[in-house]
A.B. asks: 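Once you've had a glance at the structure underneath, I'll fire off some questions.
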Amino acid sequence: MRYRGMISGTALIALLGGGALAMEAAPQSPPPPPQSTLAIASALPATQALFASYVASSKMPGIVGAFGYGDRPTVFVSAGRIADGPDAAPAGPDSLWRVYSMTKPITAMAAMILIEEGKIKLDEPVSDFIPAFKDMKVQLNPDTLETRPATRPITVRNLLTHTAGLGYNIITKGPLLKEYERLGLNPAALNAQMEPKMRTLRPATLEEFANRVATAPLIADPGTKWSYSIGLDVMGRVIEVASGMSFDGFVQKRIFDPLKMTSSYWTVPASEVGRFATNYLFIGENRTPLDPAATSVWLSPPSFPYGGAGLVMSARDYDRFLHALQNGGTLDGVRVLKAGTAALMMSNLLPPGVTFTGVSATTGGTTAGPKLGFGAGGSVYLEDKPGGPSKGTYGWGGAAGTAAWVDPVRHTRGTVMVNYFPGDKWPMREQAVAALMTDFARYQ
C-alpha cells in the first residue's frame with residue numbers, strides 16, 4: 001500500500017491523551033463488543049465517519065482500525081460487522097481477519113531473532129540450511145524453461161527482500177507459472193472448496209516445499225532484481241533448520257507468547273469461529289462469500305505453516321506486533337529483539353544496485369510514492385514526505401485488503417483490517433490515511 005500521510009507526534013500526543021480510548025485488554029471468547037461509536041468518534045471523527053460510510057454504502061460488511069502513538073493506549077475505530085447479515089458479530093479489536101502477506105513481517109522478525117543470536121547470518125547462503133539450493137539455475141528468458149547456472153548463491157538477505165530470483169503464483173507468468181503449478185508451489189489458502197485440489201499438488205511439509213522450490217528455475221540471478229516471491233515461505237524452512245524447532249512453534253514461543261498475541265492463528269480454533277470474519281469476492285460491484293467463517297479453510301490445519309500468507313489475526317494482536325517494532329523490539333517490559341536488530345529489520349536491506357519501485361496493491365504491496373527501499377519482509381521509506389511518513393516508515397499489506405505500518409521516527413503505527421478480494425477494490429488504504437490526517441490536524 002501507499003503509506004501516505006503518517007501521523008505527527010504532536011497530533012497523536014494530544015489525541016491519545018484524551019479519555020475516549022479503547023484500552024488494551026486480554027481478548028475474550030466470545031469477544032466483547034467494540035467501544036461505542038460515540039466514544040471513538042470523539043477522538044477520530046473523520047476516520048469513524050469514513051469507516052461508517054463504507055458499511056453504509058455496502059462497500060464492505062465491516063472494518064477495524066488500530067492506531068497508536070508511543071506507549072499510550074491504542075485507539076480502535078470500527079464499523080459494521082464481520083459478515084453480512086444481522087446475526088454476525090460487530091467488527092471490533094478482537095475480530096479475526098486473514099492477513100495474508102502481513103504474515104511476511106512476522107516471519108521476518110523470526111529470522112531477525114535468529115540473526116541476532118548468530119544462528120543465521122544475513123548474507124549466508126541459503127544452501128547452508130537447505131542443501132538443495134546449492135546449484136540454482138536461471139531462466140534464459142521468460143518464454144522458456146531453458147536455464148543457465150546462477151552466478152551467485154541465494155542468501156538469507158535475498159529471501160527477506162524478494163531478491164532471490166524466486167517467483168510467486170500471483171505474479172509469475174508463462175512456462176515458469178506452469179512449473180510452479182506442477183510442483184504445487186502455492187503456499188496459501190483460499191477456501192474449503194479449492195483446498196482439496198491445491199492440497200493434492202502442494203507438498204505436505206515445509207521441508208518438501210523448500211526442496212521443490214530449489215528445483216524450479218530462477219527469474220534472475222540472486223541479488224540482482226526485486227521480484228515479489230515465495231521467499232518468506234522458504235525462510236520458514238530456514239528458521240526451522242536454524243532453530244531446531246518447527247517454524248510455527250518458533251513463532252509462537254519467540255513472538256506470539258512474549259508479546260501476548262493471543263489471537264494469532266495458523267489454524268482458527270472452532271471455539272473462535274464466532275469472531276472470525278468472512279472473506280468476500282467482488283464480482284463487479286457485487287460481493288459474494290468466498291470463504292465463510294463457519295466453513296473456512298482456516299478451521300483445518302494447513303499443509304504446513306505458510307510464512308508468506310498463512311496467518312489469521314486480530315487488529316489488537318497486529319498492533320502489539322507493530323508496537324514492539326516501534327519500541328525497538330520491546331513491549332510491556334519484554335524484549336523480543338535488540339533495538340539495533342529491530343532497526344536493521346526496518347532498514348533498507350536491498351543488495352547494491354537493486355531498487356524497489358512498488359508492486360500491485362492487489363497483492364498487498366506498495367504503489368508509487370516517495371523513494372522506497374525494502375527491509376526484512378516489508379517496504380521502507382527512504383525519504384521524508386512533507387506532511388506524510390517519516391524516512392524509515394516500514395510496513396506491508398495483505399491481499400484481502402489489510403494494511404499495516406510503523407513509523408519508528410514519530411513512534412506511531414497503524415493497522416486496518418478488512419477481508420475481500422481484490423484488495424484494491426476500493427481506495428480504502430489511501431482514504432483511511434487521509435481521514436486520519438484530517439483528525440490529527442485538529443490537534444496541531
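Please read these numbers as outputs of a predicted model, since none were measured by experiment.
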A.B. asks: So, do Asn158 and Leu166 sit near enough that their side-chain heavy atoms are less than 4.5 Å apart?
C.D. replies: no
A.B. asks: Do Ser101 and Lys104 have side-chain N/O donor and acceptor atoms under 3.5 Å apart?
C.D. replies: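 Checked: Ser101/Lys104 side chains pair up, N/O donor to acceptor below 3.5 Å.
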A.B. asks: Strictly by salt bridge (charged side-chain N to carboxylate O under 4.0 Å, His left out), give each pair with a member in residues 208-220 just once, sequence neighbours left out.
C.D. replies: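 Salt bridge (charged side-chain N to carboxylate O under 4.0 Å, His left out) check on residues 208-220 returns Glu208-Arg212.
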A.B. asks: Given side chains that start at C-beta, do those of Leu201 and Leu185 come closer than 4.5 Å, heavy atoms only?
C.D. replies: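 Of all side-chain heavy-atom pairs linking Leu185 with Leu201, none is under 4.5 Å.
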A.B. asks: For side-chain contact (heavy atoms from CB on, under 4.5 Å), just list the numbers for Lys178 and Leu145, CA-CA rounded to whole Å, side-chain angles, deciding distance to a tenth of an Å, and then say yes or no.
C.D. replies: CA-CA 10 Å; Lys178 291 188 186 324; Leu145 290 180; over 6 Å; no
A.B. asks: If you look at every heavy atom in Ala342 and Gly329, which pair is closest and at what distance?
C.D. replies: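 Scanning both residues, the minimum pair turns out to be CB-N, 3.9 Å.
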A.B. asks: Between Val336 and Arg254, is there a side-chain heavy-atom distance shorter than 4.5 Å?
C.D. replies: no
A.B. asks: Show the nearest heavy-atom pair for residues Ala277 and Asn419, with the distance to one decimal.
C.D. replies: CB-OD1, 4.3 Å
A.B. asks: Flag the pair Lys137 and Glu146 as a salt bridge only when some basic side-chain nitrogen lies within less than 4.0 angstrom of an acidic carboxylate oxygen.
C.D. replies: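 Not counted as a salt bridge, because no side-chain N and carboxylate O are separated by less than 4.0 Å.
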A.B. asks: Distance-only, no hydrogens or angles: does the Thr172 side chain make a donor-acceptor pair with backbone N or O of Asn169 under 3.5 Å?
C.D. replies: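 No, the answer is negative, given that no donor and acceptor are paired below the 3.5 Å cut-off.
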A.B. asks: Distance check, rounded to the nearest 0.5 Å: Asn211 atom CG versus Arg237 atom CZ?
C.D. replies: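 Answer rounded to 0.5 Å: 7.5 Å.
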A.B. asks: Once side-chain contact (heavy atoms from CB on, under 4.5 Å) is applied, do any residues pair with Pro142, and if so which ones, sequence neighbours excluded?
C.D. replies: none
A.B. asks: Side chain of Ser390, backbone of Gly392: donor and acceptor closer than 3.5 Å?
C.D. replies: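 No; zero donor-acceptor contacts below 3.5 Å.
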A.B. asks: Show the numbers, then the answer: is there a side-chain hydrogen bond (donor to acceptor under 3.5 Å, both in side chains) between Arg275 and Ser263?
C.D. replies: CA-CA 10 Å; Arg275 58 184 175 125; Ser263 294; 2.9 Å; yes
A.B. asks: Is a side-chain donor or acceptor of Ser296 paired with a backbone partner of Ala293 at a separation under 3.5 angstrom?
C.D. replies: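 No; judged by distance alone, with no hydrogens or angles, the pair does not exist.
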A.B. asks: Side chains of Met428 and Ile63, heavy atoms from C-beta outward: is any pair under 4.5 Å?
C.D. replies: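 When only atoms from C-beta onward are counted, Ile63 and Met428 do touch, with a gap below 4.5 Å.
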A.B. asks: Is any side-chain heavy atom of Val380 closer than 4.5 Å to a side-chain heavy atom of Phe356?
C.D. replies: no
A.B. asks: Considering residues at least two apart in sequence or located in another chain, which fulfil the side-chain contact (heavy atoms from CB on, under 4.5 Å) criterion with Asp248?
C.D. replies: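 With neighbours one apart ignored, the set is Ser246, Trp266, Pro305.
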A.B. asks: Determine, using ring centers only, whether Phe250 and Phe247 are less than 6.0 Å apart.
C.D. replies: no
A.B. asks: Would Lys338 and Glu117 satisfy salt bridge (charged side-chain N to carboxylate O under 4.0 Å, His left out), going step by step from the backbone distance to the final call?
C.D. replies: CA-CA 10 Å; Lys338 293 179 181 177; Glu117 293 177 346; over 6 Å; no
A.B. asks: Look only at the side chain of Thr402 and the backbone of Gly398, and say whether a donor-acceptor pair between them is shorter than 3.5 Å.
C.D. replies: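 Confirmed, Thr402 side chain pairs with Gly398 backbone.
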A.B. asks: Determine, stepwise, if the pair Arg287 / Ser58 fulfils side-chain contact (heavy atoms from CB on, under 4.5 Å).
C.D. replies: CA-CA 9 Å; Arg287 66 173 178 264; Ser58 198; 3.5 Å; yes
A.B. asks: Report the C-alpha separation of Lys121 and Asp128 in whole Å, then their side-chain angles, then the decisive distance to 0.1 Å, and conclude whether the salt bridge (charged side-chain N to carboxylate O under 4.0 Å, His left out) test is met.
C.D. replies: CA-CA 10 Å; Lys121 298 182 180 64; Asp128 285 0; over 6 Å; no
A.B. asks: To the nearest 0.5 Å, what is the distance between CG (Leu159) and OG (Ser229)?
C.D. replies: 7.5 Å
A.B. asks: Which atoms form the tightest heavy-atom contact between Val156 and Ile115, and what is the distance?
C.D. replies: CG1-CD1, 4.4 Å
A.B. asks: For Thr393 and Tyr381, indicate whether the former's side chain and the latter's backbone hold a donor-acceptor pair under 3.5 Å.
C.D. replies: no
A.B. asks: For Ser78, does its backbone N or O pair with a side-chain atom of Gln48 as donor and acceptor, under 3.5 Å?
C.D. replies: yes
A.B. asks: Can the ring centroids of Tyr265 and Phe276 be said to lie less than 6.0 angstrom from one another?
C.D. replies: no
A.B. asks: Is there any salt bridge (charged side-chain N to carboxylate O under 4.0 Å, His left out) pair reaching into residues 221-234, and which pairs are they, with sequence neighbours excluded?
C.D. replies: Arg148-Asp221
A.B. asks: Taking all non-hydrogen atoms of both residues, which atom of Val354 and which atom of Gly223 are closest, and how far apart?
C.D. replies: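 In terms of heavy atoms, the two residues are closest at CG2-O, 3.2 Å.
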A.B. asks: Output, in order, the C-alpha distance, side-chain angles, deciding distance and verdict of side-chain contact (heavy atoms from CB on, under 4.5 Å) for Leu382 and Leu372.
C.D. replies: CA-CA 5 Å; Leu382 299 182; Leu372 294 167; 5.6 Å; no
A.B. asks: Give, for atom OG of Ser264 and atom CD1 of Ile106, the distance between the pair rounded to the nearest 0.5 Å.
C.D. replies: 6.0 Å
A.B. asks: Nearest 0.5 Å, please: how far is CE in Met261 from CZ in Arg320?
C.D. replies: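 Output value for this atom pair is 8.5 Å.
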A.B. asks: Could you report the tightest heavy-atom contact between Ala432 and Phe51, atom names first, then the distance?
C.D. replies: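 Here Ala432 and Phe51 meet closest at CB-CE1, 4.3 Å.
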A.B. asks: Any donor-acceptor pair under 3.5 Å linking the side chain of Tyr394 with the backbone of Leu325?
C.D. replies: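 Such a contact is absent between Tyr394 side chain and Leu325 backbone.
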A.B. asks: Do Lys260 and Val334 come within less than 4.5 Å of each other through their side chains, counting heavy atoms only?
C.D. replies: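 They are not in side-chain contact.
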A.B. asks: Can you list the residues that meet the ring-ring contact (aromatic ring centres under 6.0 Å, His included) rule with Phe209, with sequence neighbours excluded?
C.D. replies: Phe304
A.B. asks: How about Met194 and Val297: do any of their side-chain heavy atoms sit closer than 4.5 Å?
C.D. replies: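 Of all side-chain heavy-atom pairs linking Val297 with Met194, none is under 4.5 Å.
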A.B. asks: Is the Tyr100 to Trp298 ring centre distance short of 6.0 Å?
C.D. replies: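 When the ring centroids of Tyr100 and Trp298 are compared, they turn out to be within the sub-6.0 Å range.
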A.B. asks: Short question: side chain of Arg202, backbone of Ala188 - any donor-acceptor pair under 3.5 Å?
C.D. replies: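 A pair under 3.5 Å: yes.
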A.B. asks: For the residue pair Trp405 and Phe67, does the interplanar ring angle fall in the parallel (under 30°), tilted (30 to 60°) or perpendicular (over 60°) class?
C.D. replies: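 Because their plane-to-plane angle lies in the 30° to 60° range, the rings of Trp405 and Phe67 count as tilted.
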A.B. asks: I need the full list of ring pair (Phe, Tyr, Trp, His ring centres under 6.0 Å) pairs touching residues 162-183, with sequence neighbours left out, sorted by first then second residue.
C.D. replies: His162-Trp226, His162-Tyr228, His162-Phe374, Tyr168-Tyr228
A.B. asks: When you check the gap from the basic side-chain N to the acidic O, do Arg98 and Asp291 get nearer than 4.0 Å?
C.D. replies: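 Counted as a salt bridge, because a side-chain N and a carboxylate O are separated by less than 4.0 Å.
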A.B. asks: Determine whether Arg182 and Glu179 satisfy the following criterion, salt bridge (charged side-chain N to carboxylate O under 4.0 Å, His left out), listing intermediate values before the conclusion.
C.D. replies: CA-CA 5 Å; Arg182 183 185 74 81; Glu179 181 68 355; 2.9 Å; yes
A.B. asks: Taking the side chain as every heavy atom from C-beta outward, state whether Pro408 and Met346 have any pair of such atoms under 4.5 Å apart.
C.D. replies: yes
A.B. asks: Starting at OG1 of Thr215, measure out to CG of Leu183 and round the result to the nearest 0.5 Å.
C.D. replies: 4.5 Å
A.B. asks: Distance from Arg316 atom CZ to Thr415 atom OG1, nearest 0.5 Å?
C.D. replies: 12.0 Å
A.B. asks: In this structure, which one of Tyr54, Phe282, Tyr280, Trp97 forms a ring pair (Phe, Tyr, Trp, His ring centres under 6.0 Å) with Tyr420?
C.D. replies: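 So, applying the ring pair (Phe, Tyr, Trp, His ring centres under 6.0 Å) to Tyr420 and each of Tyr54, Phe282, Tyr280, Trp97, only Phe282 qualifies.
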A.B. asks: Examine distances only and state if a side-chain atom of Arg157 and a backbone atom of Leu349 form a donor-acceptor pair shorter than 3.5 Å.
C.D. replies: yes
A.B. asks: Donor-acceptor pair, Gln326 side chain versus Asp407 backbone, under 3.5 Å?
C.D. replies: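 Answer holds: no.
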A.B. asks: Show your reasoning for whether side-chain contact (heavy atoms from CB on, under 4.5 Å) applies to Ile130 and Val213.
C.D. replies: CA-CA 11 Å; Ile130 311 172; Val213 171; over 6 Å; no
